[in-house]
Amino acid sequence: MCGLIGIVHKEGNVCEKIHKGLEYLQYRGYDSCGISVMEDGEFYANKQIGPISGLKKNCHSGKIGIGHTRWATHGCISIKNTHPFMHKNLAIVHNGIIENHSEIRDKYPDYHWKTGCDTESILKSTYEHLKEYRNINDEITDHADWNYAFEKMSEELDGSFAVAFMDLSYPDTLFFIRKGLSPLSIAVSDDFGAIASDCLALSDMSDHVIDIENGQYGYVKAGKYEIKPGNINEKRHIIKSPKMSEKSHDTWFAHEFHTQPMVLSNALHKFNSAFTLSDFEKPKFIDILGCGSSYYAGCVGKYWIEKYANIMCRVQMSSEWKDLKGYDRTIALISQSGETADTLAAFGKQLGAHKTVGFVNTLGSSLSRAVDHVVPTFVGQEVSVASTKAMTGQMLSLFLWATKLSGVNKQDELTELFEKMSCLINKLPENTKEVIDICANVDDLFILAKGNLVPIAYEGALKIKELAYVHAEAMSASELKHGPLAMINPDSSQAIIFLAPSSSSLWSKMLSAVEEVHSRGGKVIVISDKPEKFNVNYSVKMPYIEEDLAPFLYILSMQWIAYGLAIRKGNAIDMPRNLAKSVTVE
Ligand code: AGP
């Protein structure tokens with residue numbers, strides 16, 4: 001994964017500009033970060049473990065530099081493995097994975113490999129090919145040495161990568177290459193040339209970018225650039241995210257959690273005016289693809305699409321996507337960031353054979369540019385790595401798609417829902433106190449639900465793992481007696497949470513499932529509008545909600561419990577360990 005940026009600017013002080021750009025890129029990883037500036041024939045590097053906020057802004061006043069924010073793939077989190085890497089005349093930053101890096105290491109057995117990263121194989125390969133060319137050509141014009149090195153190294157290296165280089169022999173030029181899925185854009189004016197993994201990192205300097213396509217390489221400097229092969233890439237206007245409002249709580253997670261009713265209500269208005277049914281023919285079959293929370297939003301969406309629109313729907317994790325040959329269908333790809341590599345790769349596999357719709361929150365992202373039709377989820381930028389409003393926004397847009405496809409009007413129910421969400425959010429801190437106490441003192445949590453709340457149980461378990469680092473396992477309550485019931489043990493450090501709205505068509509069966517666990521001594525917590533109907537000691541009181549809309553309310557309780565647990569444990573809320581906001585490697 002990782003984010004990279006490079007800037008060459010006539011005015012100098014690139015370090016500060018790179019630092020600013022890295023703040024935008026932090027969603028791609030925050031294990032460590034670094035900046036290297038070139039001046040007077042030397043590289044000056046500044047690196048640190050952890051997020052950008054701790055990295056010096058004014059490390060050097062040079063006119064050309066590169067920066068990086070890392071999500072570790074190869075090599076542990078350490079300064080040694082933090083980009084930029086330097087070797088002789090070259091400095092490099094990289095996003096992606098080099099799959100045959102160990103082959104490259106074997107190819108140069110006498111070289112003293114300094115890091116544990118696959119990136120170093122790019123550095124070595126490029127260095128050797130540049131040397132090869134320079135050794136046999138006295139006069140070098142038009143960056144022929146770099147063109148040669150790029151051709152050779154992209155033959156030699158397998159994988160997906162975007163790379164930016166500085167070369168002491170070219171003190172005013174940044175070189176770049178893209179192979180595979182790792183995105184890369186450049187911006188140029190008379191004063192500067194710049195390159196980054198995401199156009200937003202360049203948005204303080206430019207309104208436009210040029211996207212580099214798979215297989216292209218080139219250079220950029222103030223007032224000039226070249227892209228090969230092709231050099232016909234068009235300029236694209238950068239769609240900036242609306243200015244972030246100040247956060248109303250200590251963390252972005254809490255802020256985004258609290259804004260959900262308001263954000264969803266705004267999204268509903270925008271969606272109603274932006275989306276007409278004529279945008280889509282009624283598909284015969286729908287395949288929904290996504291990862292993580294987006295996948296779970298898709299799983300809830302399936303219930304609505306099948307129920308309201310009477311269209312067969314299948315939901316798959318993007319990474320597991322298998323084509324059903326011969327089916328005429330619409331493929332809906334769901335992604336907050338629009339940069340998730342697994343989802344982009346799934347899109348690539350469908351080979352344009354089917355109509356594609358992207359439910360995307362970040363307009364201008366790779367996915368939003370690739371699909372036939374974009375449905376924005378309209379929830380604004382989401383900063384917290386653990387998703388709240390982006391996921392409920394995806395559910396809302398899928399709900400609206402399903403109702404529009406079927407002609408059902410649920411606008412009044414949705415307005416009422418947003419009010420209930422607001423009331424519930426105010427009550428959750430009090431209503432969940434005791435339950436959070438219990439969950440904080442067990443090793444294992446089981447979250448059980450039925451019907452359209454099964455995906456919410458999974459999303460709740462994901463939130464708990466992601467924020468609280470506690471083992472949480474979700475399952476359908478109907479599956480209990482087919483095996484998992486054996487796990488229930490009064491002597492084990494466990495609690496079993498049931499999501500149990502009384503409006504559920506499976507309510508009576510849920511009463512029995514809870515009883516089966518309770519009678520075996522399990523520590524049961526019910527989250528329900530009728531907790532008194534259960535013979536249990538612990539509960540979270542919920543408002544009544546009709547079955548179809550229950551996912552919107554029940555996810556709030558799970559988000560809040562996960563947050564409460566993470567706070568108890570003193571965990572980093574907005575940037576959980578080992579994660580990144582956008583997963584840009586497969
Ligand atoms: C959710 O809290 C996660 N951070 C994660 O599962 C996320 O939903 C997933 O990586 C997909 O991201 P996307 O929506 O940007 O494609």
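Counting starts at 1 for both ligands and their atoms, in listed order.
- Here E430 does not pair with K427 in a salt bridge; the nearest charged N to carboxylate O distance is not below 4.0 Å.
- Aromatic pair F257/W560: ring centres closer than 6.0 Å.
- Atom 5 (C) of ligand 1 has S293 N, 4.1 Å as its closest protein atom, hydrogens excluded (heavy atom only).
- Applying the ring-ring contact (aromatic ring centres under 6.0 Å, His included) rule to H94 yields no partners; only residues at least two apart in sequence or on another chain are considered.
- Here the heavy atom of the protein found nearest to atom 16 (O) of ligand 1 is T340 OG1, 2.4 Å.
- Ligand 1 has no nitrogen or oxygen under 3.5 angstrom from a nitrogen or oxygen of E459.
- Residues C291 and T340 approach most closely at SG-CG2, 3.8 Å, considering heavy atoms.
- With a 4.5 Å cut-off on side-chain heavy atoms, I425 and L556 count as touching.
- From the protein, the heavy atom lying nearest to atom 15 (O) of ligand 1 is S337 OG, 2.6 Å.
- Protein heavy atom closest to atom 9 (C) of ligand 1, with residue, atom name and distance, is C291 O, 3.6 Å.
- Between F253 and Y563, the gap from one ring centroid to the other is short of 6.0 Å.
- At least one heavy atom of A386 sits less than 4.0 Å from an atom of ligand 1.
- No cation-pi contact links R70 to Y30, judged by a cut-off of 6.0 Å to the six-membered ring centre and 45° from its axis.
- Ring geometry for H208 against H237 counts as perpendicular: the plane angle is over 60°, on a 0 to 90° scale with 30° as the lower cut.
- Summary of contacts: the protein heavy atom closest to atom 10 (O) of ligand 1 is V583 CG2, 3.9 Å.
- In terms of polar-atom proximity, V385 is counted as a contact of ligand 1, with an N or O under 3.5 Å from an N or O of the ligand.
- Salt-bridge formation is not detected for the pair D198/R28: no Lys NZ or Arg NE/NH1/NH2 atom is positioned less than 4.0 Å from an Asp or Glu carboxylate oxygen.
- The distance from ligand 1 to the heavy atoms of G292 drops below 4.0 Å at these ligand atoms: 6 (O).
- Numbered from 1 in the order shown, with element, the atoms of ligand 1 that lie under 4.0 Å from a heavy atom of Q336 read 13 (P), 14 (O), 15 (O), 16 (O).
- Using a 4.0 Å heavy-atom cutoff, E339 is absent from the residues neighbouring ligand 1.
- Contacts between M391 and ligand 1, counted as non-hydrogen atom pairs separated by less than 4.0 Å, are absent for every part of the residue.
- Within the listing of ligand 1, atoms 1 (C), 2 (O) sit less than 4.0 angstrom from a heavy atom of K463.
- Between H249 and H255, the ring center distance fails the sub-6.0 Å criterion.
- Taking a cut-off of under 4.0 Å to the non-hydrogen atoms of S387, the atoms of ligand 1 that pass are 1 (C), 2 (O).
- Contacts between E466 and ligand 1 below 4.0 angstrom, taking non-hydrogen atoms only, involve the side chain exclusively.
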